[in-house]
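These notes concern the structure reproduced below.
Counting starts at 1 for both ligands and their atoms, in listed order.
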Amino acid sequence: MTRPKTDSPATDFAVALLDEFVRVGVRDVVLSPGSRSQALALAAAEFERLGLLRLRVRIDERVAGFLALGLAVETGLPVLLITTSGTAVANLHPAVLEAHHSGVPLIVLSGDRPDELRGIGANQTTEQPGIFGAAVQRTWDIGAPTGEDGEQDAAAELARDAFAAASRGPVHLNLAFTEPLSAATALAVAEGLEATPPPVVGFEGLNQRIAAAPGTVVIAGTGAGERAEEVARELGAPLLAEVASGARFGPNLVVAYRELLAEPEFGGAVERVILFGHPTLSREVPALIQRGGVETIVVRGTSADDYNPGHRVEAFVNAVTVEGEPGPREWPGRWVAASRSLAQSDDVAPDTAAPAGEHAKAELAAVRATVTRTALAEAVWRATWPHDRLVLGASRLIRELDRVVTGKKIRVHANRGLAGIDGTIATGIGIALASQAADSKGTTRVLLGDLALLHDVGALLFGVGEPRPRIQVIVGNDHGGTIFDGLEVAKTAGESFERVLLTAQQVSVEHLAAAYGWSYVRVDTRGQLDQALTASLGPTIVEVPLDR
Ligand SMILES: Cc1ncc(C[n+]2csc(CCOP(=O)(O)OP(=O)(O)O)c2C)c(N)n1
Ligand SMILES: [Mg+2]
């Protein structure tokens with residue numbers, strides 16, 4: 001479409017580009033301020049004013065990147081990220097890497113100087129094309145628009161290509177601009193701006209037919225989705241589903257999968273594995289796949305690498321269809337029953353025990369009991385319902401949830417592509433904002449450790465005048481990375497362990513919350529915890545002191 005031109009080819013190009021992104025289905029933009037990218041930023045603000053895009057502004061590009069990731073995880077659509085040149089672009093790298101490894105669609109638009117100003121020491125100019133290496137599906141380096149005819153059409157074509165290429169992960173459009181870097185952008189967003197629904201992105205190719213067979217289990221790693229649960233039922237197979245799989249529910253769910261995989265009559269009897277998603281939380285799963293006599297079929301997701309421990313996977317397929325009837329109920333029934341009895345023997349909570357007949361006293365004791373990691377994991381899980389979202393950081397707590405929580409059909413996300421402790425809060429805010437924009441009335445709860453919280457403090461800063469989501473950031477504060485306590489090095493490293501691995505910290509989380517205008521609740525007992533999790537105080541940090 002040809003639209004009226006302004007005095008700035010940069011602005012004309014930016015408007016045409018964003019216009020086409022809107023047409024093909026983009027709804028969310030996150031930007032960080034900067035001069036070189038001003039045409040894109042001003043155009044994005046104008047599209048927001050017209051109600052065609054939702055815009056979020058974050059001063060820290062690393063935060064912006066993870067916020068965009070969260071928005072894309074929740075909506076399933078590519079999200080635009082706009083930055084200026086230089087280190088600004090590099091700050092997107094962590095989110096781009098995570099998006100690459102978990103197959104999340106992001107479209108990076110970085111402003112740059114034109115070719116002739118690169119490599120000569122011009123201010124804020126570095127080698128931007130290719131900066132993300134193999135972590136992007138595709139990179140474009142586009143010369144500065146000059147106002148020639150056809151540039152707007154070229155911009156539209158670029159948007160269509162980038163949108164299509166982003167269906168399996170991030171892409172990078174490096175866009176050179178020259179002065180005038182923008183014009184007054186009272187948009188010529190002309191008539192006919194009716195956004196068409198986005199194309200459905202599907203997988204092509206191999207759909208394997210499978211039937212029930214003895215010794216089959218279904219394993220669901222992060223991002224597996226509900227199909228894993230369905231296939232387990234259709235096959236009559238035990239379902240070994242990690243906590244962020246999206247499949248941790250149903251009659252075949254085996255919570256204590258780790259313990260049972262170690263048992264000869266359970267793990268030892270497995271002959272075939274149907275695997276969905278990206279398992280990262282146990283050693284037993286990769287060990288099982290690498291064992292002789294076990295055939296594994298991996299149902300591909302969107303992540304960059306196919307899961308293939310020891311290169312022992314038999315087949316990679318894009319989908320499975322189950323033929324015939326489920327196998328005998330005895331097989332999954334045995335796993336489920338064994339898992340339940342293991343969970344019950346775990347249930348002894350001495351600090352809540354009370355003499356028979358003194359029911360009220362016992363209840364009071366439970367309410368007053370201090371919060372353990374297990375109690376925290378269970379309370380957060382209990383408080384979460386299908387309209388809510390749960391985001392889990394990389395810490396001991398995700399492992400605790402994976403160990404204990406029972407089946408529940410709720411939406412759980414964890415950045416397990418690379419399992420970084422970075423960007424957890426920003427990702428959670430992205431998920432919260434996107435779910436609320438889609439009319440969910442729920443609360444997003446982010447459960448993370450103290451180091452992960454401190455790593456992403458910048459995410460607590462909202463854009464001026466932007467909506468605040470219903471979000472609780474729940475920090476299990478054990479003063480440092482106590483996950484390392486469980487490693488061999490904790491026994492061998494001596495004094496240096498605390499200094500270079502545990503890295504204890506004494507930051508006042510309360511003051512941090514106050515500085516960023518978040519509500520703050522400190523929780524010392526299980527009663528207070530349940531109360532805090534159901535309160536609605538706007539964006540809130542819930543601090544839960546935990547023993548090391
Ligand atoms: C970006 C990044 N840096 C470092 C690590 C290594 N790492 C994994 S867990 C962890 C400590 C986490 O501490 P905390 O968030 O307090 O959780 P806790 O282990 O205490 O439960 C670190 C530093 C990582 N995963 N990602
Ligand atoms: Mg910690």
Contact atoms of ligand 1, heavy-atom distance to [X] under 4.0 Å:
X: Ser395; result: 17 (O), 18 (P), 21 (O)
X: Asp478; result: 20 (O), 21 (O)
X: Gly481; result: 11 (C), 13 (O), 19 (O), 20 (O)
X: Ala419; result: 25 (N)

Pair [X] + [Y]: basic N to acidic O under 4.0 Å:
X: Asp28; Y: Arg54; value: yes
X: Arg118; Y: Asp112; value: yes
X: Arg62; Y: Asp422; value: no
X: Arg548; Y: Glu498; value: yes
X: Asp388; Y: Lys441; value: no

Close N or O approach ([X], ligand 1; < 3.5 Å):
X: Leu451; value: yes
X: His455; value: no
X: Ile483; value: yes

Side chains of Gln472 and Thr443, donor plus acceptor under 3.5 Å: no
Short side-chain donor-acceptor distance under 3.5 Å, Asn415 and Thr427: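 A pair is found: one side chain offers a donor N or O, the other an acceptor, under 3.5 Å apart.
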Among [options], which one has a heavy atom closest to [atom]?
atom: atom 16 (O) of ligand 1; options: Ile421, Asp450, Leu448, Leu418; value: Asp450
atom: atom 20 (O) of ligand 1; options: Gly480, Ala452, Gly449; value: Gly480
atom: atom 1 (C) of ligand 1; options: Leu453, Thr424, Asp422; value: Asp422
atom: atom 21 (O) of ligand 1; options: Glu400, Gln505, Arg399, Arg396; value: Arg396

Do [X] and [Y] have side chains that get closer than 4.5 Å, going by heavy atoms?
X: Leu453; Y: Leu512; value: yes
X: Val489; Y: Leu501; value: yes
X: Glu284; Y: Tyr257; value: no

Atom name of the N, O or S atom in Asp450 that lies nearest to the Mg ion (ligand 2):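 Of all N, O or S atoms belonging to Asp450, OD1 is the one nearest the Mg ion (ligand 2).
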Atom of Asp478 nearest the Mg ion (ligand 2) (restricted to N/O/S, atom name only):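 Looking only at N, O and S atoms of Asp478, the one nearest the Mg ion (ligand 2) is named OD1.
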The Mg ion (ligand 2) contact by Gly480, N, O or S atom under 2.8 Å: yes
Protein heavy-atom partner closest to atom 6 (C) of ligand 1 - residue, atom, separation in Å: Phe484 CZ, 4.3 Å
Which segment of Pro94 sits under 4.0 Å of ligand 1 when only heavy atoms are counted: neither
